[in-house]
Amino acid sequence: MRTSVTLCAGYDGVMSMGLKARVARWLGAADESADARALADINRGFVSLSAQKRIEQAAELLPAEHVLTSSFGAQAAVMLHLTNTVIPRIPVILIDTGYLFPETYRFIDELTSRLDLNLKVFRSDASPAWQESRFGKLWDQGLNGIEKYNRLNKREPLEVAMSALGAETWFAGLRRDQAETRAHIAPIEHKGRRYKVHPIFDWTDRDVGRYLAEHQLPYHPLWEKGYPSIGDWHTTRSLAEVERVEDLRFFGLKRECGLHET
């Protein structure tokens with residue numbers, strides 16, 4: 001895999017020429033233990049950087065093509081604005097299940113226009129109606145049904161999107177404080193054939209709110225109606241409808257939507 005490892009001017013001592021060499025070795029590492037050690041070194045350097053610097057350095061260090069995924073959820077405007085500012089017109093992948101809230105579709109249109117996003121929409125080959133005629137309402141068929149639904153409508157279209165765009169580096173807005181399943185994510189991860197970057201991995205809700213206010217960006221319209229986590233209408237609940245936060249998505253049977261399990 002070919003990539004540039006040129007470092008931006010002014011980078012602090014952590015990202016020295018020695019680390020630049022380790023980045024090069026990591027990108028071409030054949031030995032798993034050496035790969036892990038080099039990546040740990042890189043992540044230690046990234047921890048001390050601002051989110052914007054993390055994006056800048058990842059764009060310099062990691063191979064193109066670069067893409068950003070977004071579900072256009074409650075706080076999605078942060079990563080969309082931040083990443084598109086540093087990497088203008090970066091392809092923004094939206095996986096449309098056909099079951100998003102009407103408010104979500106309008107929010108997508110609003111942010112796409114306002115931020116001049118290079119939006120790329122991908123869907124399952126089978127329409128929602130066709131899937132329901134074949135399998136029924138998969139989301140009502142327990143954990144196995146939900147897993148099948150996510151595979152058909154999220155993971156498979158995502159892989160098609162990544163392949164179609166030639167994506168080698170994937171930016172995503174996951175944060176450690178969002179869920180237990182995300183508590184240990186690193187700034188950069190190696191996911192199969194791709195590199196995955198989490199520029200705001202250590203941000204809190206307060207950090208997110210401050211950024212939105214500073215740049216006059218909106219929350220998803222359902223945020224004010226008690227929806228802190230927003231996906232498909234049939235497996236998303238508001239705070240008023242549940243007793244446990246864990247039940248906000250997928251009836252409490254799982255937390256991840258499927259995109260970030262790939």
Side-chain angles (χ1 to χ4, degrees), residues 1-5 23 26-29 32 35 39 42-43 46 51 54-73 76 78-84 86-100 104 108 111-112 115-128 131 146-175 178 181-182 185-201 231-232 254-262:
M1 180 179 297
R2 299 179 60 190
T3 183
S4 166
V5 291
V23 170
W26 171 53
L27 293 171
E32 187 173 332
D35 177 272
L39 179 56
I42 295 164
N43 276 324
F46 270 69
R54 290 167 186 164
I55 296 172
E56 290 175 1
Q57 294 303 319
E60 287 285 340
L61 293 165
L62 299 179
E65 296 290 329
H66 306 117
V67 301
L68 167 66
T69 56
S70 180
S71 63
F72 288 80
V78 168
M79 270 296 289
L80 290 166
H81 180 271
L82 184 59
T83 310
N84 198 54
V86 177
I87 312 174
R89 303 293 292 169
I90 183 174
V92 177
I93 297 172
L94 167 69
I95 304 301
D96 176 23
T97 63
Y99 292 101
L100 302 178
T104 299
I108 293 166
L111 290 181
T112 298
L115 302 178
D116 189 28
L117 300 178
N118 182 16
L119 186 67
K120 305 292 185 181
V121 182
F122 290 83
R123 305 176 178 88
S124 171
D125 288 339
S127 69
Q131 287 186 42
I146 290 172
E147 293 285 10
K148 183 173 183 177
Y149 175 88
N150 285 343
R151 175 174 57 80
L152 291 173
N153 294 287
K154 298 180 182 181
R155 289 196 296 275
E156 289 181 359
L158 177 63
E159 190 56 42
V160 170
M162 293 289 187
S163 297
L165 297 172
E168 294 190 80
T169 299
W170 168 13
F171 291 86
L174 273 61
R175 296 188 288 114
Q178 288 175 320
T181 54
R182 301 179 179 182
I185 59 172
I188 302 175
E189 297 177 353
H190 197 187
K191 306 286 286 187
R193 304 186 305 277
R194 299 183 184 93
Y195 305 94
K196 192 174 182 190
V197 185
H198 305 123
I200 60 171
F201 77 99
D232 294 324
K254 66 187 277 90
R255 181 72 173 110
E256 291 292 345
C257 69
L259 293 184
H260 299 288
E261 296 173 329
T262 184

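Worth saying up front: this structure is predicted, and the values here are computed from it rather than measured.
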Are side-chain heavy atoms of [X] and [Y] found at a separation under 4.5 Å?
X      : Y      : answer
Phe46  : Phe201 : no
Ile87  : Ile55  : yes
Phe171 : Val67  : no
Pro91  : Leu68  : no

[X] to [Y] - nearest heavy-atom pair and separation:
X      : Y      : result
Ala161 : Phe122 : CB-CD1, 3.4 Å
Ala172 : Pro199 : O-CD, 3.5 Å
Asn43  : Ala186 : ND2-CB, 3.6 Å
Ala51  : Ile200 : CB-CG2, 3.9 Å
Glu189 : Ile185 : OE2-CA, 3.4 Å

Please list, chain by chain and in numerical order, all residues satisfying side chain to side chain donor-acceptor pair (under 3.5 Å) with [X], sequence neighbours excluded.
X      : result
Thr97  : Asp232
His66  : none
Arg54  : Asp202
Asn118 : none

Give, for atom [atom1] of [X] and atom [atom2] of [Y], the distance between the pair rounded to the nearest 0.5 Å.
X      : Y      : atom1 : atom2 : value
Lys196 : Leu174 : NZ    : CG    : 5.0 Å
Thr69  : Ile93  : OG1   : CD1   : 6.5 Å
Ser70  : Leu111 : OG    : CG    : 8.0 Å
Arg155 : Leu158 : CZ    : CG    : 10.0 Å
Glu168 : Arg193 : CD    : CZ    : 10.0 Å
Phe72  : Ile108 : CZ    : CD1   : 5.5 Å

Query raised in the report: Between the main-chain N or O of Leu115 and the side-chain N or O of Asn84, is there a donor-acceptor pair closer than 3.5 Å?
Result: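 The answer is yes, because a donor-acceptor pair under 3.5 Å joins these two groups.
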
Query raised in the report: Just by modelled atom types, is the Glu159 backbone N or O under 3.5 Å from a matching donor or acceptor in the Ser163 side chain?
Result: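 Yes; judged by distance alone, with no hydrogens or angles, the pair exists.
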
Query - For Gln131, side chain to side chain contact (heavy atoms under 4.5 Å, CB included) partners two or more places apart - result: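 Partners of Gln131 under the side chain to side chain contact (heavy atoms under 4.5 Å, CB included) test: Ser124, Ala126, Phe135, Leu152, Asn153.
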
Query raised in the report: Which is it for Ile188 and Gln57 under the side chain to side chain contact (heavy atoms under 4.5 Å, CB included) test, yes or no, and what are the steps along the way?
Result: CA-CA 11 Å; Ile188 302 175; Gln57 294 303 319; over 6 Å; no

Query raised in the report: Is the shortest distance from a Lys or Arg side-chain nitrogen in Glu65 or Arg194 to a carboxylate oxygen in the other one below 4.0 Å?
Result: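 Judged by the 4.0 Å cut-off on N to carboxylate O distance, Glu65 and Arg194 do not form a salt bridge.
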
Query raised in the report: Which pairs count as salt bridge (charged side-chain N to carboxylate O under 4.0 Å, His left out) when at least one residue sits in residues 86-98, sequence neighbours excluded?
Result: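 Checked against salt bridge (charged side-chain N to carboxylate O under 4.0 Å, His left out) - neighbours excluded - the pairs reaching residues 86-98 are Arg89-Asp116, Asp96-Arg123.
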
Requested in this report: Run the numbers on Leu94 and Lys120 for side chain to side chain contact (heavy atoms under 4.5 Å, CB included), then give the verdict.
Outcome: CA-CA 6 Å; Leu94 167 69; Lys120 305 292 185 181; over 6 Å; no

Query raised in the report: Going through the checks in order, is the side chain to side chain contact (heavy atoms under 4.5 Å, CB included) test met by Trp170 and Leu62?
Result: CA-CA 10 Å; Trp170 168 13; Leu62 299 179; over 6 Å; no

